[in-house]
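All residue numbers refer to positions in the sequence shown, counting from 1. Computed over heavy atoms, backbone and side chain alike; hydrogens, waters and symmetry mates excluded. As the structure lists them, so they are numbered: ligands from 1, and atoms in each ligand from 1.
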Amino acid sequence: MKVLLVGSGGREHSLVWKIGQSPRVSKLFCAPGNAGIAQMAECIDTPPTDLEGLATFADGNGIDLTVVGPELPLAMGIVDLFEERGLRIFGPHREAAEIEGSKVFCKDLLRKYGVPTAQYGAFNDRDEAAAYIDSIGAPIVVKADGLAAGKGVIPSMAKEDALKALDTIMVEKALGDAGKRVVIEEFLVGEEASFIVLTDGEAVVPLASSQDHKPIYDGDRGPNTGGMGAYSPAPVVTEEVHRKIMEEIMIPTIRGMASEGRPYRGVLYSGLMIKDGQPRVLEFNARFGDPENQPIMMRMKGDIVPLLEACINGNLQGSIDWDPRWAVCVVMASKGYPGSYEKNKVIRGLDRVAEMEDVFVFHAGTAGEGADIVTNGGRVLGVTGLGEDVKGAIDLTYSAVKKIQWDGAYYRSDIGKRALDRLQ
Ligand code: AMP
Ligand code: GLY
C-alpha cells in the first residue's frame, strides 16, 4: 500500500521510520518532510495546511492511507475533507479535534464527564476574567482558548503577572483569535507525564507512557519550548496510576466525546499532572507527541499500520508489545530557540552516529543543501537511544549527541534525570 504522512518534524520522522518498516507498505510519501525523512520517503512540496492540495495529491497518486502529524490540519478539517473525497485517513474529524483546538471545549467536557482536572473558569470578557483572577489569587494559570503553537499557556506566581498575561492575550490580542476566550485555571503541582492512546471511538489501546521536558534549560528553568527531550517509560506512571489514567481519564473522555456526538478516532494525547498517585488532566492533544513519539516508536514492537487501520475501520482491539528497554530522546536545537535563531548551519557527525547500534537520529528542522545537511528550524534533531536501564539509555544517547556538531547547537544535559532520581 501507499502511505502519505503529513508534517515535517521529529514526530513525523519517527512515524515515517516506523510505518516504513511495515511489510504492507510499498511506497511512502511525506508532505513536506525534512532531510532525514527524505532518506526514507519521497517528499512532496505541499504544506500541511494546503488541505485541497494534499487531497488532490492523495487522489491522483493512489494513496491508500494518510497519517497526519501536526494539529493544525486536523483542526482545519483535513479528515472531513479526505473522507468526503473517499480517501482513507487516520485522525479525528474537525469537531473531535476541538479537544485540542479549544481549551474551553476541553475543560467543559472534562467537567461534564467528571474527569479529574484543575478547577477553572472560562471567559470571553476581559473584566470578568480579571475579577475571577482577583478572587482566586496566585499561583494561577491563564490559557488562551485556541491553538497558539505552545505560547498560549501562561502560569503566574503573582496575581499581577496573571492580569498582565490576561491583557496580553485579550487586550493586545498577541495570539490573535486564539485569545478571544480564555480559561483561568488552578495551578497544579506534581510530576508531569504524557499518556497517549489509540482509539477507534470505542476501544482504547494505550501506547507506552512517556515524559517530556518542556523548559529550555537544565533543571526545568527558562521559557517553555515544544519539548527538549523525552523518555519512555515514565516511572511516575506506576501500574496503579496507569489503571487510574485509563479508567478515570481516557475511557470516560472517549465515551464523553461519543455522547457529545463527536466520536473521537485516532490518537489522543493527554498531558497529565500526577500528585500522590492521582493523575489530573492538563491538556489533551489530538495527535502524537513531539518529542514523546520518538522514544515511543523506538520501543514499539510489531507493525503499526494495522493499528492505524483498525482505528479507521472501528475494529481496534488487543494491546501493543513494547521493547522492555528504556528509550531516551535528546533534542538538539538551534541557539536562541525558542526565540529567534539562525538557520543553514552545516551539521557534522551524523555519519559517525549512523554506525552506532541502538541509536537513531530523528530529524526535525533539517534540510538538504547539496551533499550537506543543514539546520532549518528551532528543534533540529532528536537523538534517541535504547538502554537496558535508564542510565544506559541516557549515557548511550548523550555519547551520540556529543558526536554531532554545528555552529550554535544547544541541548539540555539533564534529559532523563528525573527518572534516574526516582529509580535510585
Ligand atoms: P498545556 O499546553 O496546557 O499542557 O500547558 C503547557 C504546560 O504548562 C504544561 O506542560 C504544564 O507544564 C504547564 N501547565 C498547564 N496547565 C497547568 C496547570 N493547571 N498547573 C500547572 N502547570 C500547568
Ligand atoms: N511534547 C508536547 C507535545 O507534543 O505537545
(message) Tell me the protein heavy atom at minimum distance from atom 2 (O) of ligand 1, and give that distance in Å.
(response) E283 OE1, 3.0 Å
(message) Does either side chain, that of R418 or that of Y231, offer a donor lying less than 3.5 Å from an acceptor on the other one?
(response) no
(message) Does R325 form a salt bridge (Lys or Arg N to Asp or Glu O under 4.0 Å) with D323? I'd like the steps, not just the answer.
(response) CA-CA 5 Å; R325 290 177 295 173; D323 189 326; 2.8 Å; yes
(message) Once you measure the plane-to-plane angle for F360 and W17, does it fall in the parallel (<30°), tilted (30-60°) or perpendicular (>60°) bin?
(response) tilted
(message) At less than 4.0 angstrom from any non-hydrogen atom of K103, what atoms of ligand 1 do you find?
(response) 2 (O), 3 (O)
(message) If the cut-off is 4.0 Å to any non-hydrogen atom of K214, which atoms of ligand 1 fall inside it?
(response) 10 (O)
(request) List every atom of ligand 2 that sits less than 4.0 Å from any heavy atom of G289, numbering the atoms from 1 in the order shown and giving each element. (result) 4 (O)
(request) Could you tell me whether D45 atom CG has more than 12 heavy atoms of other residues or ligands within 6.0 Å of it? (result) no
(request) Have a look at Y120 and tell me which of R111, E185, K103 forms a side-chain hydrogen bond (donor to acceptor under 3.5 Å, both in side chains) with it. (result) R111
(request) Give yes if a backbone or side-chain nitrogen or oxygen of V153 is under 3.5 Å from a nitrogen or oxygen of ligand 1, and no if not. (result) no
(request) Report yes or no: do S194 and D212 form a side-chain donor-acceptor pair below 3.5 Å? (result) no
(message) To the nearest 0.5 Å, what is the distance between CG on N344 and CH2 on W406?
(response) 13.0 Å
(message) Under the side chain to side chain contact (heavy atoms under 4.5 Å, CB included) test against I78, which residue among L54, D50, L87 passes?
(response) L54
(message) Please classify the E192 to ligand 1 contact at 4.0 Å (heavy-atom distances, strictly less than): side chain, backbone, both or neither.
(response) side chain
(request) Go through ligand 2 atom by atom and flag the ones less than 4.0 Å from a non-hydrogen atom of G226. (result) 1 (N), 2 (C)
(message) On a heavy-atom basis, which atom in A129 and which in V182 lie closest, and how many Å separate them?
(response) CB-CG2, 4.1 Å
(request) Note the single closest protein heavy atom to atom 5 (O) of ligand 2, along with its residue, its atom name and the distance in Å. (result) R287 NH2, 2.8 Å
(message) What I want to check is whether the side chains of E128 and N124 have a donor and an acceptor closer together than 3.5 Å.
(response) no
(message) So which atom in I89 and which in I312 form the shortest heavy-atom distance, rounded to 0.1 Å?
(response) O-CD1, 3.4 Å
(request) Could you list the atoms of ligand 2 found under 4.0 angstrom from a heavy atom of D212? (result) 1 (N), 2 (C)
(message) Between ligand 2 and A230, can you find any atom pair, the residue atom being a heavy atom, that is separated by under 4.0 Å?
(response) no
(request) Using a strict cut-off of less than 4.0 Å between a Lys/Arg side-chain nitrogen and an Asp/Glu carboxylate oxygen, indicate whether D321 and K301 qualify as a salt bridge. (result) no
(request) Identify the protein heavy atom lying closest to atom 17 (C) of ligand 1, giving its residue, its atom name and the separation to 0.1 Å. (result) L282 CD2, 3.4 Å
(request) Could you find the nearest protein heavy atom to atom 19 (N) of ligand 1 and give me its residue, atom name and distance? (result) E185 OE2, 2.6 Å
(message) Side chain or backbone, does D290 bring an N or O within less than 3.5 Å of an N or O on ligand 2?
(response) yes
(message) Just by distance, no angles: are the side chains of D303 and S22 close enough, under 3.5 Å, to form a donor-acceptor pair?
(response) yes
(message) Please list, in number order, the atoms of ligand 2 under 4.0 Å from a heavy atom of Y269.
(response) 1 (N), 2 (C), 3 (C), 4 (O), 5 (O)
(message) Taking 4.0 angstrom as the limit and counting only heavy atoms of E186, give me the atoms of ligand 1 inside it, by number and element.
(response) 18 (C), 19 (N), 20 (N)
(request) Starting from atom 7 (C) of ligand 1, locate the nearest protein heavy atom and write down its residue, its atom name and how far away it is, to 0.1 Å. (result) N224 ND2, 3.9 Å
(request) Using a strict 4.0 Å cut-off to heavy atoms of E292, name the atoms of ligand 2 that fall inside it. (result) 1 (N), 2 (C), 4 (O)
(request) Can you pull out the closest protein heavy atom to atom 20 (N) of ligand 1? Residue, atom name and distance to 0.1 Å, please. (result) L188 N, 2.8 Å
(message) Starting from atom 16 (N) of ligand 1, what is the nearest protein heavy atom, named by residue and atom, and what distance separates them?
(response) K143 NZ, 3.0 Å
(request) Show which atoms of ligand 2 fall inside a sub-4.0 Å distance from at least one heavy-atom site of N285. (result) 5 (O)
(message) Test of understanding: given a 4.0 Å heavy-atom threshold, classify the contact between R11 and ligand 2 as side chain, backbone, both, or neither.
(response) neither
